Structure formats: structure tokens, C-alpha cells
There are 2 protein chains.
Amino acid sequence: MTRRPAPGTRRRILQTAARLFGEQGARAVGMQQIVEETGLGKSVLYREFTGKDDLVKAWVGELHDHAWSQLDSAIARHEGDPARQLLAIVEHAQETARTSDAHGCTFYNTSAEYRDPDHPGRREAVAHLDQLRERLRALAATARATDPGALADMLMLVISGLYANAATLGPSGPVSRSVAAARILIDQHIPAHASAS
Amino acid sequence: MTRRPAPGTRRRILQTAARLFGEQGARAVGMQQIVEETGLGKSVLYREFTGKDDLVKAWVGELHDHAWSQLDSAIARHEGDPARQLLAIVEHAQETARTSDAHGCTFYNTSAEYRDPDHPGRREAVAHLDQLRERLRALAATARATDPGALADMLMLVISGLYANAATLGPSGPVSRSVAAARILIDQHIPAHASAS
DNA sequence: ATCGGTCCGGACCGATCGGTCCCAATACTG
DNA sequence: CAGTATTGGGACCGATCGGTCCGGACCGAT
């Protein structure tokens, strides 16, 4: 071992893959295309990742981490007010869905493109959605919702729907009513609570 | 012109394509695969459809027609009660999303797989969603909703979200709360109205 | 300066993609 | 019944797919 591998290589691949996969969908992007855009050779790509499936999984996984850090900071901004935290999550989702060039939710898009339940990318995506659901449930519980599981699931519907509609009907479509919808659902489930305007 | 073309050919292609596209996603299915499953030759397929894009468009279009006929009959079952009709639409969506092997909403799936806004299949899908939105708005208006556009959009969120969640988190996931969510949103928008249990 | 070893750009692989085309089989016409 | 126009099964096309591998370039130790 006399020569050190370039340090930022993996990250560079991931960034390029993220851009292409995000814009065009994972299935529409070929490995060759990623090779060309990074300027790297194929051998490097296949040393860092075992194959395309692995690259897709890594991409989804990184987005998972990114999403959680964003969500955590959005939640932290309303410490002690769990009802407000629930709304903040939807606000954050609405904001990103409308600005991020309307490609929809990566987690659901990936599930749509790879139907095999054993596909690594799909597993990663489903796992993320499941964790989000659980987090919402926990938040709803501490907010003393009458039925935390129901409220969490209803917010899941709004969040998923918001991304889907942003991707299809544009930023001024139904996505623009998602926060309002979330507010209604939250108020309905938390007795004697009126969310801040 | 001495020989008549086989009559059911186009329909047979469409049915096979619908099954394969629905199960695996349009991008994952090759034309060769459709040829093999139908038993027809490629020349037949390319005489009926100009190419894969055209086949995808026809598939989405047929689902569009099918969806509307189902929706119309669901609506007709509650003539004169527009609020109930809105709920019936969501009920129907929930039912189909949970039973149809959880492949999600074709219209959104197709949009996710084909990002090019000029792709015929995507155009067809977006057009359908837009019509659904407008129909919901009209129904909400005749139901004297305080803000018909808002109610329609919120129901769009629920419907889209319901399909997305059925496809990822399964039939016992958030999709099971979609009718309840819709009921809350409807009641909130229609003064002095309580939807039947 | 020389050498040994590692790295990586890109040629290359078989399979499959969407799409074209040929020709044998077919069924109507005269 | 012979002739002919049309159909449709499938061989074939170049391009591209995901993935492998080789050979020159480069680095570090001696």
C-alpha cells in the first residue's frame, strides 16, 4: 500500500448521482452517465459501490440522513410545544416540496420505480417513511392527541400527498393548502387547542 | 384491402401492457416482454401504437376513462348530497388503493417515472389529476363549502397521499385513516354539516 | 534514480433496450 | 381455383444497459 485513494471521491459520486437521480429518476440515469459527469472511471465507481442498486441505496440513505437533520432542527425550533412541532414538520415539507424543482418525494418516487420489496433502495425508502410515521405518532402522543396513531397517519397522508401534488400540479396546486389542512387535522385531534396562526 | 385485421388485438395488447406496467412500472417493462406475453409479433404492436411512449399514453388514458366511470357511479349513488359525494370519492380511492395489490396511483407513478413534461404519458396523467381536482372543486362549491378550492385541494392531498402510503407502508398503514381524515376536512368546510357515519 | 505496487480512465463484455423490416401464411377477389 | 394484397411472427438493427478488466500513470519507499 504505497498510494492513498483520493479522499473526496465517494462524496463526489454521491453528489452527482443525487443530482441526476433527483432530476430524472433513478431508472432513467445510466451508470455511464454518472461516470461521464464525474469525470471518474468506471472502476472507481464500482470500487466505491458494488453496483447501481447499492448506489441508489446510498443515495436514498443520504437523503434520509439529510431529511432527519432538517426535521430535527425544525422540531427543535418549537421545543415544548409538540402540536406546533407537528405543524412545523408539514411546513418544512411544504416548503421543500415547492422549491426543490418539483420532483416529488424521493422516498416515494424510488418505491414507485423499484417495485421489488427486496430492492435495497426501496427498503431504505420504506424504512424512512416508517420512521417518520413513528416520529409523528410519538409527537402526537406527547401533544395529548385523542388518537395519536390516527393523527400521525393523517399527517402522513398530507405530507405524501403534498409531494405528489407538487410534482404533478405544480407549486401553486394543492400543495399550497397542505399546512392549512394539517392545522385542521391537528386541532381536531388535540382537545382545547388552537394552533398559532 | 382484402384481409380484416384481428379485432381484439389492440385491446389484448392494452390489457397485457396494463398488467405489466401496473405491476412493475412502465420503465421496467420492455416492449419485447409485452410481445412475448401477448404472443403477437412486434410488427403488430408497432402498427397499433407508434412506440412505447404512445403505448404508455394509451394505458394511462384507458385508466383515466376507467377511473372516471367508477367515480361517476360512486357519485351517482349519493345524488343530491354533494358533501356525501366528496366522501364517496375518497372512500372509493381508499378501497381500490388497498385492494389493488398496492402499486400506488398510476397517474402519479407515471409522472415519477417520466419527468419530461412533454412525455405523452405524463401529460395524460397530469391532465387526469387536474380534472379530478376541478371536479372536486365543483362538488365542494355545490356543497356550499366556505372555500371550495381549498377543500378540493385538501382532498387531493388526502387522495394522493392515500395511494402513496398504500404502495409503501401497506394496506394497514396510513391509508386506513384516509376516509376519517377526509370527513374531518369536509365537515370543517361545510357549515352546519355533519357527515353520516 | 530506480523500482514495486496501487490507482483509475476507458476499452470492452454479453444482454437488453426501443424500433425496423422481411417473408411465410392467410383470406378475400375475380 | 388462381392471384394478390395484407397480415403478423420473429430475425435483425444500432444504441445503451449494468458490469468487468487491462494497461498506462502515478506515488512512495529504497
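These numbers come from the heavy atoms of this one structure, side chains and all, not from hydrogens, waters or symmetry mates. These numbers come from a predicted model, not from an experiment. Below, chains carry the letters A, B, ... as their sequence lines are ordered, and counting in each starts from 1.
B/Leu55 has its CG atom 10 Å from the P atom of C/dG19, to the nearest Å. Atom CD1 in B/Ile13 sits about 13 Å away from atom C1' in D/dT7, given to the nearest Å. In this entry the distance linking NZ of A/Lys52 with C1' of D/dC17 reads 8 Å, nearest Å. Protein atom CD of B/Glu48 is 17 Å distant from nucleotide atom C1' of C/dT20, rounded to whole Å. If you take OH of B/Tyr46 and P of D/dA11, they are 16 Å apart, rounded to a whole angstrom.
Residues B/Arg133 and B/Asp153 are paired through a salt bridge, judged by an N-O separation under 4.0 Å between the basic side chain and the carboxylate. The pair B/Arg10-B/Glu48 counts as a salt bridge, with a side-chain nitrogen and a carboxylate oxygen less than 4.0 angstrom apart. Salt-bridge check for A/Glu79 with A/Arg84: failed, with every basic side-chain N at 4.0 Å or more from each acidic carboxylate O. Residues B/Glu37 and B/Arg19 are paired through a salt bridge, judged by an N-O separation under 4.0 Å between the basic side chain and the carboxylate.
A/Tyr163 and A/Phe107 have their aromatic ring centers separated by at least 6.0 angstrom.
Counting all heavy atoms, side chain and backbone alike, B/Ala58 lies closest to B/Phe49 at CB-CE2, 3.6 Å.
Across all strands shown, C/dT6 forms a Watson-Crick or G-U wobble pair, both distances under 3.5 Å, with D/dA25. When both distances must be under 3.5 Å, the Watson-Crick or G-U wobble mate of C/dT29 is D/dA2.
Of the side-chain N and O atoms in A/Arg47, one or more sit less than 4.0 angstrom from OP1 or OP2 of C/dC8.
Within residues 26-43 of chain A, the residues having any heavy atom under 4.0 Å from DNA chain C are, by residue number, A/Gly39, A/Leu40, A/Gly41, A/Lys42, A/Ser43.
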